[in-house]
Amino acid sequence: MFLSYQSRVRDAVRAFLKTEYSAEPRIVVEQPPRPEFGDLALTFAFELAKTLRRPPRKIAEEVAAKLPPVPGVAKLEAAGAGYLNVFFHRSAYAADLLSGSSDSTPDAVPAGKIIVEHTNINPNKAAHIGHLRNAALGDTFVRILRGVGSRVEVQNYIDNTGVQVGDVVVGFEHLEHKNAADVEALITDHNVRLDYYCWDLYARVSKYFDEDKARAADLRGAALQKIEHGEGDTARLGEVVARAIVRAHLKTMARIGVEYDLLPRESEILHLKFWEQAFQQLKERGAIYFETEGKNKGCWVMRADSSGAEAAESADDADANKVIVRSNGTVTYVGKDIAYQLWKFGLLGRSFRYTPFQTYPDGRVLWMSATEGESHDFGGAARVYNVIDSRQSYLQNIVVMGLRALGYNEQAANSVHFSYEVVALSPRCCKDLGIELSEDDAKRPYIEVSGRKGLGVKADDLIDTLNERALAEVVSRHADRDPEFQRKIARQIATSALRFFLLKFTRNTVIAFDFAEALSFDGETGPYCQYAAVRAANILRKAGESAAPSSTEALADNELWQLLVLASQTLATANQALQSSEPAVLAKYAFELAQKFNTFYHHHHILSEEDPAKRAFLLWLAGYVRQQLAQALDWLGIEVPEAM
RNA sequence: GGGGGCGUAGCUCAGUGGAUAGAGCAACGGUCUUCUAAACCGUUGGUCGCGAGUUCGAUUCUCGCCGCCCCUACCA
């Protein structure tokens with residue numbers, strides 16, 4: 001409802017300014033900083049003051065006096081140096097909400113299919129806290145997009161033939177003297193968690209390689225060669241490991257409510273010759289060239305910046321360019337990524353086959369790419385979001401430049417690097433983990449997570465700890481309930497604490513992970529938001545059947561009115577979160593709404609309210625807030641428990 | 001060297017070309033025979049890194065400086 005009131009006001013003012021002053025300024029609609037300033041604040045007068053050469057305050061006053069009546073608006077007021085403050089007609093607004101009429105459609109919804117690629121964990125070790133941030137961001141963005149009506153396809157790319165899988169394969173073969181059959185036995189052993197096992201093994205191999213660079217190059221190269229060509233036991237070993245670890249990752253992500261539609265794998269990109277197809281296009285259109293001299297001699301190279309005279313001059317500078325095909329003829333990761341990106345837009349002229357990989361409890365089927373199998377309409381998106389940390393923005397730019405160099409300007413413009421900063425470990429966190437830091441490292445604000453060094457917080461360990469702590473709280477409050485009930489609530493609380501923690505930071509903030517903060521259920525947390533919704537539900541349940549309120553007079557009370565207006569902004573906030581690609585905006589909103597509800601809860605004892613009209617109204621308000629809060633939380637991937 | 005990001009309360013973070021810069025945590029002091037205190041109320045706490053410029057107005061935009069982080073591989 002908020003969106004439609006907002007656009008109604010904006011349209012009315014725009015039309016008025018055009019006829020009255022022949023002016024078409026940008027109409028910015030703000031939230032006033034204080035409630036006495038009304039429900040909307042417009043700042044066009046400041047901008048208009050320049051062209052009209054009149055004081056902004058005068059302009060605002062004139063518009064306030066002369067603007068034709070706008071339905072739903074009770075009062076206009078010039079204020080401050082030149083604001084136009086807008087006051088809604090409270091009972092009309094409430095009546096619109098009560099009638100259940102729908103709000104305006106958010107303007108941030110792109111047309112056509114949207115692909116969101118996220119998670120993308122190398123299948124050679126357990127998922128860690130950084131991967132959880134990626135998945136939480138991606139999954140929340142998907143939920144919001146779907147919430148406003150977009151068609152979204154979620155892809156989780158599996159680099160099953162890459163260096164990292166190769167390293168673990170070398171680890172099994174050379175450090176553990178295990179073959180594919182041995183590892184298969186390991187997987188069926190319920191005392192072993194392969195993802196954890198490989199976490200340690202990967203760190204060991206990395207160390208083993210660091211000790212001898214030549215050995216590293218030889219062993220890694222040989223393993224990679226076999227894995228890429230699907231040859232022998234080594235390739236089978238890689239396949240067995242990658243598959244098992246993908247299953248582990250999916251299980252971990254399912255614990256926090258993250259699901260996917262498709263797992264495209266690098267092996268199919270190789271075997272179905274996606275790269276060869278892309279290579280052809282790139283060569284034909286001159287997007288890459290064969291370098292005959294300098295340090296990149298013998299490579300196929302893309303000019304790092306093909307626009308502008310300065311760039312042309314520096315194009316000879318080998319450092320400014322990006323190697324796509326190495327001098328030994330193998331393609332780099334970015335090359336494969338260009339091919340994959342082309343496929344996502346349906347521009348490759350080639351596609352995968354698919355096979356069902358698993359079915360989620362809700363019946364949704366997760367597909368995996370295959371060389372043979374069923375056809376499907378995956379890919380062919382109008383817009384693509386790649387959720388990848390900010391360290392890869394250079395490479396993401398190369399991919400987009402590749403599309404542009406091929407003439408796909410529209411698709412290049414619709415390739416979005418959904419960038420975010422990494423999760424690092426605070427020095428205190430390292431201490432908690434028993435990690436010894438060098439003197440220099442101890443002075444740093446945070447320490448980078450490193451799979452290579454086995455340095456990090458494993459996702460499942462963190463989720464386990466959260467579940468234990470939540471369960472202890474639940475048991476202390478609901479000792480009489482059965483264990484299954486207790487565990488379910490604990491799981492919902494743990495998930496909420498984790499997701500909210502990962503989402504409340506804006507994307508370009510490095511999270512210095514801290515156990516005390518991540519494990520908190522108090523203050524600005526998911527459980528706090530859930531608690532408010534549970535409280536509201538408790539009141540409604542105890543009140544029993546309730547009719548719609550006959551009167552909305554109580555809205556004369558500013559506190560009640562502000563709670564109602566805020567609660568009505570869920571969709572508008574989701575829209576804002578999409579426009580800025582910033583899920584934190586919605587998390588912040590959910591917290592604010594929960595906070596306002598808690599204040600309301602303490603000020604108004606609904607069930608003992610003696611005035612029946614007021615009681616009915618307060619009950620309705622509590623119900624409305626509960627519903628809106630639950631909606632916001634649902635988009636954040638957070639469930640409202642039955643009890644807390 | 002080049003490119004990008006960050007610097008706001010003791011700590012962790014929001015925020016905006018404008019109306020008295022906000023929240024959580026921490027600290028201190030109050031609220032439970034209750035619609036469950038995972039909550040609420042109050043107090044303490046800020047030269048919005050430093051300097052200049054643009055502007056009627058800058059914490060917000062521009063430039064310079066200082067500090068920290070990331071990227072700049074024929075790794076992914």
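We name chains A, B, ... by the order of the sequence lines, and we start the count at 1 in each one.
No donor-acceptor contact under 3.5 Å links the side chain of A:Asn598 to the base of B:A37. Judged by atom type and distance alone, A:Arg477 reaches the base of B:A38 through a side-chain donor-acceptor pair under 3.5 Å. For A:Thr599 against B:C40, a side-chain-to-base donor-acceptor contact under 3.5 Å is absent.
Residue-level contact check: A:Val474 touches the bases, meaning some heavy atom is under 4.0 Å from a base atom. Among the heavy atoms of the strands lying under 4.0 Å from A:Phe521 is at least one base atom, whether or not backbone atoms are also near. Counting any heavy atom pair closer than 4.0 Å across all strands shown, A:Glu473 reaches a base atom. Note on A:Ala41: a base of the nucleic acid sits closer than 4.0 angstrom, heavy atoms only. Residue A:Asp522 is in sugar-phosphate contact alone, with no base atom involved, counting any heavy-atom pair closer than 4.0 Å across all strands shown. At the heavy-atom level, A:Tyr528 lies under 4.0 Å from the strands shown only through sugar-phosphate atoms. Residue-level contact check: A:Asn120 touches neither bases nor backbone, having no heavy atom under 4.0 Å from any strand. Base contact: A:Ser327 has a heavy atom under 4.0 Å from a base atom.
B:C68 and B:U8: their C1' atoms are spaced 16 Å apart (whole Å). Nucleotides B:U36 and B:C40, compared at atom P, are 16 Å apart to the nearest Å. The gap from the P atom of B:C25 to that of B:C41 amounts to 11 Å, rounded to the nearest Å. Distance check on atom C1': B:C48 versus B:G22 gives 12 Å, rounded to whole Å. Comparing B:U43 with B:A23, their P atoms are spaced 11 Å from each other, to the whole Å. Between the P atoms of B:A21 and B:C70, the separation comes to 35 Å (whole Å). Separating the C1' atom of B:U59 from that of B:A9 is a span of 14 Å, rounded to the nearest Å. Taking atom C1' in both B:G4 and B:G45, the straight-line distance is 34 Å, to the nearest Å.
Under the stacking criterion of a centre-to-centre distance below 5.5 angstrom and an interplanar angle below 30°, A:Phe37 sits stacked against the six-membered ring of B:A19. In this structure, A:Tyr531 forms no aromatic stack with the base of B:A39, since the conditions of centre separation below 5.5 Å and plane angle below 30° are not both met. With centres under 5.5 Å and a plane angle under 30° as the test, the ring of A:His602 is not stacked against the base of B:C41.
If you check B:A76, B:C6, B:C74 against the side chain of A:Cys299, the one that comes closest is B:C74.
The CZ-P distance, from A:Arg452 to B:A76, rounds to 11 Å in whole Å. Atom pair A:Glu47:CD and B:U55:C1' shows a separation of 14 Å (rounding to whole Å applied). Here the C1' atom of nucleotide B:C68 and the CG atom of A:Asn508 are 15 Å apart, to the nearest Å.
Side-chain atoms of A:Asn321 and A:Glu291 include no donor-acceptor pair closer than 3.5 Å. Side-chain N/O atoms of A:Gln396 and A:Tyr394 include no donor and acceptor closer than 3.5 Å.
Checking the phosphate oxygens (OP1, OP2) of B:A37, a side-chain nitrogen or oxygen of A:Tyr601 falls inside 4.0 Å.
Looking at which nucleotide of RNA chain B each of A:Leu607 and A:Ile489 is closest to, the 5′-most match is held by A:Leu607.
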